[in-house]
There are 2 protein chains.
Amino acid sequence: MNSAVPKPLADLIEAFGQLPGVGPRTAERYAYYLLKSDSAKSSILSEAATRLHSAIAVCPKTFALIEADQQFSPLYTDPKRSKKTVAVVAEPFDIVALEKTASFHGTYHVLGGLLSPIDGIGPDQLKIAQLVNRIDEDEVEELILATNASVEGESTALLITQQIGDRPVKITRLARGLPVGVDLEYADQITLTRALEGRQTLL
Amino acid sequence: MNSAVPKPLADLIEAFGQLPGVGPRTAERYAYYLLKSDSAKSSILSEAATRLHSAIAVCPKTFALIEADQQFSPLYTDPKRSKKTVAVVAEPFDIVALEKTASFHGTYHVLGGLLSPIDGIGPDQLKIAQLVNRIDEDEVEELILATNASVEGESTALLITQQIGDRPVKITRLARGLPVGVDLEYADQITLTRALEGRQTLL
């Protein structure tokens with residue numbers, strides 16, 4: 001233990017150092033910033049961190065994050081949203097990204113990850129059985145597989161398609177192609193191949 | 001408020017967003033990481049942040065950070081350290097950097113900043129009068145001005161030199177020159193000028 005850093009400060013530096021991508025220097029900077037700031041700032045952080053696990057729950061239908069006193073996610077109960085169109089995403093924060101587009105008016109289903117044998121995530125760790133139930137219960141008409149354009153995302157999408165079997169539901173996935181604003185010459189080969197395959201008729 | 005992010009989580013994201021250099025995406029990543037981790041992790045962070053201000057005090061001699069139940073910094077009271085050599089630094093974490101060298105065996109004086117009229121830091125905001133007192137009380141023989149090699153660092157060093165007046169104390173400052181491992185061709189002009197001025201005799 002370095003005597004230049006008193007233990008209470010070293011404890012906070014260590015706690016910050018647990019966060020993803022935070023090295024010792026960054027953790028020091030965060031802790032020292034809080035120490036120099038009004039104590040209200042660290043109280044707010046402390047209280048938010050304390051309440052986190054007790055105040056957040058998971059919607060039993062969509063598996064989106066909800067407040068502990070809510071029964072279902074407002075994204076599921078909102079009457080302006082169609083229960084018959086379901087976007088299937090890997091993680092809760094993928095919902096935030098899709099909601100920011102303001103162009104989706106269905107509801108969601110959070111898988112809780114993507115197939116990844118290396119990380120020990122197999123079919124049983126994902127909420128696929130619950131998704132199949134929802135298709136039957138809510139008479140889902142379209143399932144948008146909004147998983148990442150990665151190997152894990154693709155194999156998870158394939159698995160879901162298999163599990164759904166011959167249920168009368170339309171299965172779509174997000175278009176692959178050139179990101180808006182990116183020059184063709186900088187696009188990678190696979191993206192460009194997907195963009196060619198998915199070419200759209202203009203006239 | 002985005003209904004995709006429940007309030008308790010949004011609160012924590014906002015609290016993380018107050019930290020220096022943390023944007024909305026990073027704050028989201030930190031908060032979501034804590035949510036996915038065992039609740040022990042957020043408890044540890046929460047407790048460390050709560051105790052921070054009450055458990056940390058400032059040494060009345062060196063103005064280094066100490067634990068609230070310590071009277072003086074161990075860097076001051078340690079009998080193996082000479083009170084007659086004082087390194088003057090801007091901020092408490094500068095002590096950590098100097099201690100890591102393991103080649104300084106005197107004690108420290110933290111100014112609490114550097115002269116910076118733009119940020120409203122004038123001579124009265126710095127612990128210079130206290131430093132002058134220490135020179136008299138502890139019969140300090142050498143003062144190492146270990147301030148940054150910046151305009152603020154240089155002007156603060158100059159101010160301290162003036163305030164000390166004709167007291168019989170040797171005043172030194174950290175050498176300016178080429179950082180170890182840096183090629184001469186990549187060194188900036190001012191650093192190279194200082195390295196020339198401070199050239200050392202080999203034989």
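Letters A, B, ... are given to chains in the order of the sequence lines, protein chains preceding strands, and every chain is numbered from 1.
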query = How far apart are the C-alpha atoms of Arg194(A) and Glu197(A), what are their side-chain angles, what is the distance that settles it, and do they pass the salt bridge (Lys or Arg N to Asp or Glu O under 4.0 Å) test?
reply = CA-CA 5 Å; Arg194(A) 296 280 177 279; Glu197(A) 287 170 358; 3.7 Å; yes
query = In terms of heavy-atom proximity below 4.5 Å to chain A, should Ser37(B) be classed as side chain, backbone, both, or neither?
reply = backbone
side-chain contact (heavy atoms from CB on, under 4.5 Å) evaluation trace for Val58(B) with Leu65(B) = CA-CA 5 Å; Val58(B) 165; Leu65(B) 301 174; 4.3 Å; yes
key: Taking every non-hydrogen atom, the tightest pair across Thr50(A) and Ser46(B)   = OG1-OG, 2.5 Å
remark   = Turns out that what part of Ala64(B) lies under 4.5 Å from chain A's heavy atoms comes down to neither
key: Heavy-atom proximity to chain A below 4.5 Å, by part of Gln70(B)   = neither
Proximity breakdown for Tyr30(B) and chain A, heavy-atom pairs closer than 4.5 Å = both
key: Heavy atoms from other residues, nucleotides or ligands near CD of Gln71(B) exceed 12 (cutoff 6.0 Å)   = no
ask   = Given that the side chain runs from C-beta out, which part of Leu19(B) has a heavy atom under 4.5 Å from chain A: side chain, backbone, both or neither?
value = both
Partner chain A: residue of Tyr108(B), Tyr33(B), Tyr32(B) with the largest heavy-atom pair count (under 4.5 Å) = Tyr32(B)
ask   = Does Leu196(A) CG have over 12 foreign heavy atoms under 6.0 Å away?
value = yes
key: Ion pair check, Glu99(B) and Arg81(B), cut-off under 4.0 Å   = yes
ask   = Among Gln18(A), Glu47(A), Lys36(A), Arg51(A), who wins on heavy-atom pairs under 4.5 Å with chain B?
value = Gln18(A)
query = Can you name the residues of residues 138-170 of chain B that have some heavy atom under 4.5 Å away from a heavy atom in chain A?
reply = none
Arg176(B) atom CZ, neighbour heavy-atom count above 12 within 6.0 Å = yes
remark   = On a heavy-atom basis, the closest approach of Ala27(A) and Gly17(A) is CB-N, 3.8 Å
Heavy-atom contact with chain A under 4.5 Å, split by part of Asp94(B) = neither
ask   = Taking Leu9(B), Thr26(B), Leu12(B) one by one, which has the highest count of heavy-atom pairs under 4.5 Å against chain A?
value = Leu12(B)
Evaluation steps, side-chain contact (heavy atoms from CB on, under 4.5 Å), between Ser103(A) and Thr101(A) = CA-CA 5 Å; Ser103(A) 54; Thr101(A) 68; 3.1 Å; yes
task = Give the C-alpha distance, both sets of side-chain angles, the deciding distance and a yes or no for side-chain contact (heavy atoms from CB on, under 4.5 Å) between Leu111(A) and Ile128(A).
result = CA-CA 7 Å; Leu111(A) 294 170; Ile128(A) 297 177; 4.1 Å; yes
key: Other residues, nucleotides, ligands: >12 heavy atoms within 6.0 Å of Gln125(B) CD   = yes
task = Tell me, out of Pro20(A), Ala68(A), Ser42(A), Ala15(A), who's got the most heavy-atom pairs with chain B below 4.5 Å.
result = Pro20(A)
message = At a heavy-atom distance under 4.5 Å, which candidate from Asp78(B), Ile95(B), Leu98(B), Ile66(B) has the highest pair count against chain A?
response = Ile66(B)
query = What's the spacing between Leu184(B) CG and Leu192(B) CG if we round to 0.5 Å?
reply = 5.0 Å
task = Can you establish whether the number of heavy atoms outside Glu137(B) located under 6.0 Å from its atom CD is more than 12?
result = yes
inquiry  = Less than 4.5 Å to any heavy atom of chain A: does that hold for the side chain of Ile13(B), its backbone, both, or neither?
reply    = side chain
ask   = Between Ala31(B) and chain A, which part of the residue has a heavy atom less than 4.5 Å away: side chain, backbone, both or neither?
value = backbone
ask   = What residue in Pro8(B), Pro92(B), Ala48(B) has the most heavy-atom pairs under 4.5 Å with chain A?
value = Pro8(B)
